[in-house]
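Right, one structure below, let's go through it.
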Amino acid sequence: MPAKPSLDGIETRWSEQWHERGTYEFDRSAPRERVYSVDTPPPTVSGSLHVGHVFSYTHTDLIARFQRMRGREVFYPMGFDDNGLPTERRVQNYYGVRCDPSLPYDPDFTPPEKPGKDQLPISRRNFVELCETLTIEDEKGFEELWRRLGLSVDWSHTYATIDTRSRAVAQRAFLRNLARGQAYLAEAPTLWDVTFRTAVAQAELEDRERPGAYHTLAFGRPGGDPVVIETTRPELLPACVALVAHPDDARYQPLFGQTVRTPLFDVEVPVVAHRLADPEKGSGIAMICTFGDLTDVIWWRELRLPARAVIGRDGRLIAEAPEAISSPAGREHYAQLGGKTIAAARTAIVAALQESGALLGEPRAINHPVKFYEKGDRPLEIVTTRQWYIRNGGRDEQLREQLRQRGSELRWHPEYMRVRYENWVDGLNGDWLISRQRFFGVPFPVWYPLDADGQPRHDAPIVAAEATLPVDPSSDVPPGYTAEQRGVPGGFMADPDVMDTWATSSLTPLIASGWESDPALFAQVFPMNLRPQAHEIIRTWLFSTVLRSHDEFGTLPWTDAAISGWILDPDRKKMSKSKGNVVTPMGLLEQHGSDAVRYWAASGRPGTDTAFDVGQMKTGRRLAIKILNASRFVLGLAEAGEGEAALAGDAAPGPAAITEPLDRALLAELARVVDTATGAFEGYDYTRALEVTETFFWRFCDDYVELVKGRAYGGHGEAGAASARATLSIALSTLLTLFAPFLPFVTEEVWSWWRAGSVHRARWPEAAEVREAAGDGRPELLDAVGAALSAVRRAKSEAKVSMKAEVATARVSGDADVVALVGQATVDLRSAGGIWELSLVGTGGELAVDVVLVPPAG
RNA sequence: GGGCGCGUAGCUCAGCGGGAGAGCGCUCGCCUUACAAGCGAGUGGUCGCAGGUUCGAUCCCUGCCGCGCCCA
């Protein structure tokens with residue numbers, strides 16, 4: 001036991017010790033019913049960790065540590081999410097390369113020392129290898145931070161979402177989905193990001209308010225007045241296939257079934273009726289194009305209209321005019337647009353419309369919601385492409401109902417987050433598009449045969465054998481073919497795409513649990529117990545994981561989901577880097593100490609947004625220091641009585657030694673604290689567990705220890721001293737274990753002074769055991785004596801004298817029962833208050849103490 | 001526009017049918033031999049607003065206002 005305990009260096013010291021001793025290693029021999037397994041959110045490696053990560057990962061660790069101390073064998077792996085654009089971008093910039101999937105794999109490839117002027121094209125497999133090389137460095141940094149924060153992760157079970165094992169899992173799961181008809185290939189209108197040139201799924205959309213303008217256009221009608229529509233997308237006029245109005249709209253009912261001609265392009269289009277046409281919007285009649293928005297897609301599908309695409313995947317108008325534009329004038333007008341960007345085409349067509357007189361008045365500026373890819377900065381277009389989909393209930397009421405049912409089987413923390421899931425499932429309007437036109441990801445393990453003309457047969461994909469997974473179809477050869485047949489008529493071609501991030505992330509429970517690669521582990525830990533995650537990805541990560549597990553096993557992937565809230569800065573805004581939040585997670589830990597930062601994090605209940613609060617961290621640090629000092633003192637008292645024996649081992653004095661009513665009262669109160677903390681933790685309310693423990697701890701220090709100090713030193717007989725020491729020992733031991741999940745470093749430090757092994761493998765306290773030691777102790781006694789002590793202190797404080805000042809007489813009055821309780825601790829009260837004469841009177845009413853101070857000497 | 005959550009002491013937050021609380025801050029005091037990065041005492045709120053239910057409402061119901069998030 002050090003003479004002057006300190007928190008300096010405590011994180012490094014203990015995180016190394018835990019690592020060396022394997023304190024948090026998962027025991028693979030533990031029976032399944034004793035296992036508690038965690039589906040850790042894999043952070044994105046190429047991003048950086050921020051304060052929000054520290055916050056939410058601490059919550060998971062609190063639960064993991066509690067469960068471990070409760071006797072569960074905790075399976076707590078860490079994953080890394082290597083997926084996605086950030087990694088691709090970093091590799092491109094760092095090495096000066098770009099991925100060209102048409103190139104063959106070069107096993108001897110070494111990246112250039114310095115990026116050249118032009119990006120060097122390399123094969124996908126080489127590209128992926130560079131991604132892996134680069135992400136290893138990121139992973140090291142992440143692990144260092146997590147260790148310093150004190151996460152009780154078993155680092156021998158680390159996985160990455162794109163390594164060999166994960167690719168095999170993702171491909172196997174996909175092939176099984178395909179075999180069961182849960183995955184399919186379809187050519188369909190698809191939301192398309194023209195910057196990233198990739199398809200975007202419903203889950204990745206967001207609406208943004210953007211300025212636009214209504215353009216009023218007149219469509220000519222043979223033998224009638226022109227029909228006037230309003231549109232924000234005049235450049236889609238050549239893609240117009242119909243006009244639409246609401247079936248009940250009397251203004252347009254006479255037109256249904258008739259045709260009009262588009263201005264400039266002179267294409268004959270029908271006027272049709274559909275309930276989704278909004279009579280309140282614009283002139284109440286709209287043009288249907290291929291495709292201006294998702295409503296256009298619905299109209300196209302439900303009204304069986306032709307397609308007349310003009311927007312290309314590069315975000316420019318296609319050079320060739322649609323066939324429907326047949327008049328020379330119309331083709332001439334289109335020729336002015338082909339090849340132009342959308343913005344340039346709009347300018348050009350507005351000018352032409354103005355000139356022709358079809359544009360009525362000036363465009364009217366408005367703000368309207370526009371669909372964006374959540375990571376993109378240009379509005380999405382809709383193009384028709386061939387993509388892989390997984391059925392998700394969006395087109396199948398029966399599956400939707402099953403998935404809704406899974407949501408109700410899951411225990412949510414907090415409960416109300418369930419609604420987010422249900423809203424999402426109810427709002428699905430199509431299957432899950434999983435193809436992405438990227439390189440660094442899990443490729444689809446399929447090839448397509450090429451017919452005699454060299455055209456792929458998408459209706460007859462060749463799938464990889466499960467035993468060969470993972471495969472990269474761009475460099476591996478499908479069964480029954482030779483490498484020379486790639487790309488030649490009668491040969492084969494690879495599916496060019498990779499899976500959506502969520503298509504692999506949705507399998508984290510399978511990847512972490514060793515599905516099909518480690519059957520013993522899988523049987524031991526799956527289905528898992530806990531999925532901790534943020535609420536904004538309920539629709540993506542949580543839902544997709546439930547879906548994949550439902551498809552593959554017909555079960556939930558976990559029993560509980562704990563949803564964490566946001567970190568808010570002091571202005572109640574979501575924390576963001578641009579707001580000058582310069583503090584890095586590591587800096588935060590170094591500045592305040594890991595236990596202190598964890599203490600702050602623990603103040604955020606599941607689902608509750610929490611303010612970034614340095615004050616809370618300072619409070620946490622004070623608590624940690626207090627634990628050090630109080631422990632040293634308590635152990636010193638024990639040592640004073642029993643010598644080295646008190647420090648030797650776990651043998652605590654038995655309950656028989658605890659004879660004093662005050663001591664029993666303290667333990668009775670402690671037993672209640674253990675009950676409350678345990679119940680709160682079991683309900684995932686770690687915040688309450690910490691609160692009750694902390695409140696008790698301060699009472700323990702400020703009242704109890706002060707009261708029994710004199711007695712514990714032996715000033716009032718050996719029996720009383722032994723009783724106090726035994727109580728102090730039990731209380732300290734219990735408090736350290738209650739605090740251990742929150743403050744793993746300082747509790748381990750103190751534990752090491754007097755106990756063998758790690759506090760983090762110690763048993764969580766049993767209220768029954770504490771209660772047994774408490775015997776007939778009554779918590780009210782502690783309240784009563786505490787109140788009396790407080791009254792004496794108040795008298796001294798008001799007299800502005802030292803707490804050491806002596807009291808000539810103190811007369812305790814009040815309710816007879818309460819006064820009687822105080823009477824059971826007169827020795828301790830006199831000792832702590834410096835009271836010469838103490839009298840007790842049952843007068844009824846509030847407890848009061850009349851104090852007469854001894855006048856200062858001299 | 002729909003859904004969910006939140007509006008309680010200067011700040012951060014508990015409480016959720018019968019006493020309005022904690023920590024921090026602030027004020028005053030104390031070098032008490034575990035801790036001055038400490039200890040003690042005190043100050044501080046018509047519990048967002050308006051109705052309703054109830055013997056009684058911060059807590060339940062309705063409406064409104066404000067903030068946040070999710071979905072249109």
Side-chain angles (χ1 to χ4, degrees), chain A residues 1-8 202-203 205-207 280 294-295 368-369 371 412 414-429 534-540 563 565-566 568 570-574 592-593 596 599-600 603-637 639-640 680 685 687-688 690-692 694-695 698-703 705-706 709-710 712-713 728 732 750 789-806 832-834 846:
Chain A
M1 189 163 68
K4 182 78 183 169
S6 151
L7 297 176
D8 291 345
Q202 187 185 350
L205 298 183
E206 64 185 36
D207 280 351
E280 304 294 315
L294 292 173
T295 316
H368 62 150
K371 297 249 178 277
W412 297 77
E415 168 63 32
Y416 62 76
M417 288 294 178
R418 182 194 311 282
V419 179
R420 305 259 176 128
Y421 175 92
E422 289 169 350
N423 287 350
W424 173 247
V425 174
D426 291 345
L428 285 169
N429 55 28
H535 55 67
E536 81 276 16
I537 52 175
I538 288 173
R539 62 175 175 164
T540 47
I563 310 297
W566 295 109
L568 307 176
D571 302 332
R572 307 298 305 172
K573 298 281 164 49
K574 216 170 110 183
H592 301 284
Y599 174 89
W600 159 72
S603 73
R605 290 179 158 74
T608 307
D609 293 346
T610 300
F612 180 76
D613 189 348
V614 170
Q616 277 287 91
M617 296 176 205
K618 289 182 173 164
T619 302
R621 188 168 180 86
R622 274 184 221 131
L623 175 63
I625 292 170
K626 188 79 175 177
I627 289 172
L628 276 184
N629 286 317
S631 299
R632 187 167 77 90
F633 181 61
V634 165
L635 292 173
L637 288 175
E639 200 175 22
D685 188 355
T687 306
R688 172 134 181 80
L690 174 58
E691 272 172 7
V692 295
E694 189 186 2
T695 301
W698 287 109
R699 282 185 79 188
F700 170 76
C701 290
D702 296 341
D703 291 352
V705 172
E706 292 301 326
K709 224 180 227 181
Y713 272 127
L728 288 166
L732 180 64
V750 172
L789 179 62
S790 191
V792 173
R793 285 170 170 164
R794 190 178 307 119
K796 292 180 184 178
S797 192
E798 278 165 5
K800 300 188 178 185
V801 297
S802 160
M803 286 297 138
K804 206 167 60 172
E806 305 225 300
E846 289 294 297

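This structure is a prediction, so every number in the text was calculated from the model and none was measured. Residue numbers start from 1 in every chain, and the chains themselves are labelled A, B, ... in the order their sequence lines are given, proteins ahead of strands.
Listed candidates were B:U32, B:C28, B:C4. Nearest to the side chain of A:Tyr416 is B:C4. For A:Ser797, the side-chain atoms get nearest to B:G40 when compared with the rest of B:G40, B:G23, B:C69. In the set B:C69, B:C28, B:G40, the nucleotide with an atom closest to the side chain of A:Arg420 is B:C69. Checking B:A34, B:C30, B:A14 against the side-chain heavy atoms of A:Asn629 singles out B:A34 as nearest. Between B:U12, B:C4, B:A34, one nucleotide has an atom nearer to the side chain of A:Cys701 than all others, and that is B:A34. The listed nucleotides are B:C71, B:C13, B:C39; the one nearest the side chain of A:Ala611 is B:C13. With B:A34, B:U32, B:A37 as the candidates, the nucleotide lying closest to the side chain of A:Tyr713 is B:A34. When distances run from any side-chain atom of A:Arg794 to the nucleotides B:G42, B:C70, B:A36, the shortest one goes to B:G42. Of the candidate nucleotides B:C13, B:C24, B:C35, B:C35 has the atom nearest to the side chain of A:Lys626.
Taking CH2 from A:Trp600 and CD from A:Gln616, the interatomic distance works out to 10.0 Å, rounded to the nearest 0.5 Å. Taking CG of A:Asp703 as the reference point, atom CH2 of A:Trp698 lies at 12.5 Å (rounded to 0.5 Å).
Phosphate proximity of B:G38 to A:Arg622: present, with a side-chain N or O under 4.0 Å from OP1 or OP2. Side-chain N/O atoms of A:Thr610 include none lying less than 4.0 angstrom from OP1 or OP2 on B:U12.
More than 12 heavy atoms of other residues, nucleotides or ligands sit less than 6.0 Å from atom CD of A:Glu415.
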